[in-house]
Protein chains: 2
Amino acid sequence: MLKYEYIAKEIMNLIEDKDLRQGDKLPSLDELVSQFEVSKNTVIKALDELQSHGLIYQVRGSGIFVRGRRQKGYINMMEIQGFNSMLREFDLTSKVLELKEVIPSETVQAHLQIDADQPVYYLKRLRYIEGRIFCIEESYFDKNIVMYLNEQIAEESVFNYLTNNLKLQISFLDHYLRVGKLNQQNAAYLELQEGDPGIQVESIFYLANGVPFDYSKIIYHYEESQFFIQGNSYYNLMN
Amino acid sequence: MLKYEYIAKEIMNLIEDKDLRQGDKLPSLDELVSQFEVSKNTVIKALDELQSHGLIYQVRGSGIFVRGRRQKGYINMMEIQGFNSMLREFDLTSKVLELKEVIPSETVQAHLQIDADQPVYYLKRLRYIEGRIFCIEESYFDKNIVMYLNEQIAEESVFNYLTNNLKLQISFLDHYLRVGKLNQQNAAYLELQEGDPGIQVESIFYLANGVPFDYSKIIYHYEESQFFIQGNSYYNLMN
DNA sequence: CAGTGGTCTAGACCACTGC
DNA sequence: CAGTGGTCTAGACCACTGT
């Protein structure tokens, strides 16, 4: 593990252990430098990492402070961890409706940057939170990358399988969120009425080398889901 | 302007001017170093900045690549720019429904981290895109920070007023997104039916010193709004 | 003005990719 | 194995905050 990763992690642990809240002050840069016995830039690298993920903020001339912790029960759109760790205090289960190899539609081809002759896995699942229906998920996996998938894996955690077994390093992702009225079929799945609100999130997941390998479309139950997004300024870059 | 800011901006311009797309390669680190005549770390700082805002991605041993441009017409939840620059190709207008000084409710006190004896501005606006109703916005501004506000400013761009006139540097923000059914009053404003979907986004805006100064609650017209969110991994920090 | 964070450098050395 | 990105250092100097 790299030094700056270790330091970032230690600071995260410190916040967790001491139960620090929004605005609480962390040790100064100099203190961290001598505590970890590294150069200033290395500590700064760790801090920048934490800052860009919304855990802390640094105030010039004043100090380093804890940023409000993400509230429980929200889906954090900026994290790449699958729901299981995101909503880890909840009991999450899945039911596989369909798992098969298909020829990608044009939409899927475009999102996964592949041709029609490249087969993909199609997976459709219902997902439950504390036993209550939570969302309908349809995923397309590039079969060149996710070479094998079965029902049992899909029933458990695809995310864990990808990261732990296939050693795929998911590096970044894009989400597109829209809201509409549910059609009859989706309403039935979600145990709602036709015309009730439905939250549709399309997501594309990329590996570290920039290759997209998973395109998914989720329809959330509007009463069971809420989302959390953080932003950081880059006003200076815009002018 | 700092060197790394200048470099980041030049790279943004390069992408813009050459109309580079997802996966297109940028000049190598060494080339950038000699082009801008700065040290390697300074270029890296610029690149990290661009990366954390989702404009590029760096692949070790391979190169620096452009990340897909945010699609037009989406509200980018991670940027701090007000709608006017975010949806800049659209004609956006506002109608002020109410602007007054109020005693903050407990919710507002909590979000703005102030006491009941600190007055706040309350602003309620309807916002239009290309002449069509787009959202209902209610904002609360900490009057210690936003010391003056009038109808004319509110009719134009509060964001521009805050940044250009008051020289406030908005540094980070939190969004909470939920979906529900519209009540009769909000449906009327949005020219929809009671029970139609309504997208509610609560946002808290912070200054560079960590002080929250604006809490707003927006109800979007579900047919006129769609959202874009990007994420970057920090899997290594979680273990 | 002391304390604290931010920028920048020059250079050593490491790690990964793709031919 | 050449090219390219990533980590880390030690230190100089700058900029802002708060007392």
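Computed from a predicted model, the values in this text were never measured in an experiment. In what follows, every heavy atom counts, from backbone to side chain, and hydrogens, waters and symmetry copies are set aside. Chain identifiers are assigned alphabetically (A, B, ...) following the order of the sequence lines, protein sequences preceding nucleic acid strands; residue numbering begins at 1 within each chain.
With hydrogens and angles left out, the side-chain atoms of Arg127(A) and Tyr220(A) include no donor and acceptor closer than 3.5 Å.
Between Asn209(B) and Gly63(B), the residue anchored nearer the 5' end of DNA chain D, judged by the nucleotide with its closest heavy atom, is Gly63(B).
We find that CG of Leu32(A) is positioned 12 Å from P of dG6(C), with the value rounded to whole Å. The distance from atom CG of Leu2(B) to atom C1' of dC8(C) is 10 Å, rounded to the nearest whole Å. Taking atom OH of Tyr6(A) as the reference point, atom P of dT7(D) lies 18 Å away to the nearest angstrom. Nucleotide dG6(C) holds its C1' atom 9 Å from the CD atom of Gln58(A), rounded to whole Å. One can place CD of Gln35(A) at 17 Å from C1' of dT4(C), the figure rounded to the nearest angstrom. Regarding Lys45(A), its NZ atom lies at a distance of 18 Å from the P atom of dA10(D), rounded to whole Å. To the nearest angstrom, P of dC8(D) lies 14 Å from CG of Leu47(A). Remark: C1' of dT4(D) and CZ of Arg60(B) are 10 Å apart, rounded to the nearest angstrom.
Residue Ile44(A) has its side chain nearest to dT7(C) when only dT7(C), dT9(C), dG5(D) are considered.
Remark: Ser28(B) is not in phosphate contact with dG3(D), judged by side-chain N or O atoms under 4.0 Å from OP1 or OP2. Not one side-chain nitrogen or oxygen of Lys3(B) sits closer than 4.0 Å to the OP1 or OP2 atom of dT7(C). At the phosphate of dT9(C), OP1 or OP2 sits under 4.0 Å from a side-chain N or O atom of Thr42(B). Look at Tyr4(A) and you won't find any side-chain N or O under 4.0 angstrom from OP1 or OP2 of dC8(D). The phosphate of dT17(D) (OP1 or OP2) has no side-chain N or O of Ser62(A) nearer than 4.0 angstrom.
A distance-only check finds a donor-acceptor pair linking the side chain of Gln51(B) to the backbone of Gln58(B) [under 3.5 Å]. A donor-acceptor contact shorter than 3.5 Å is absent between the side chain of Asp115(A) and the backbone of Asp117(A).
Donor-acceptor pairing under 3.5 Å, judged by distance alone, is present between the side chain of Asn41(B) and the base of dT9(D). Side-chain N/O atoms of Lys40(B) and base N/O atoms of dG11(C) include no donor-acceptor pair closer than 3.5 Å.
The base-pairing partner of dT17(C), taking Watson-Crick or G-U wobble contacts with both distances under 3.5 Å, is dA2(D).
For the pairing with Val66(A), the side-chain contact (heavy atoms from CB on, under 4.5 Å) check across Leu14(A), Leu55(A), Leu20(A), Ile11(A) returns one residue only, Leu20(A).
Look at Arg125(B) and Glu137(B) and you find a salt bridge, because one of the NZ, NE, NH1 or NH2 atoms lies within 4.0 Å of a carboxylate O, short of that distance.
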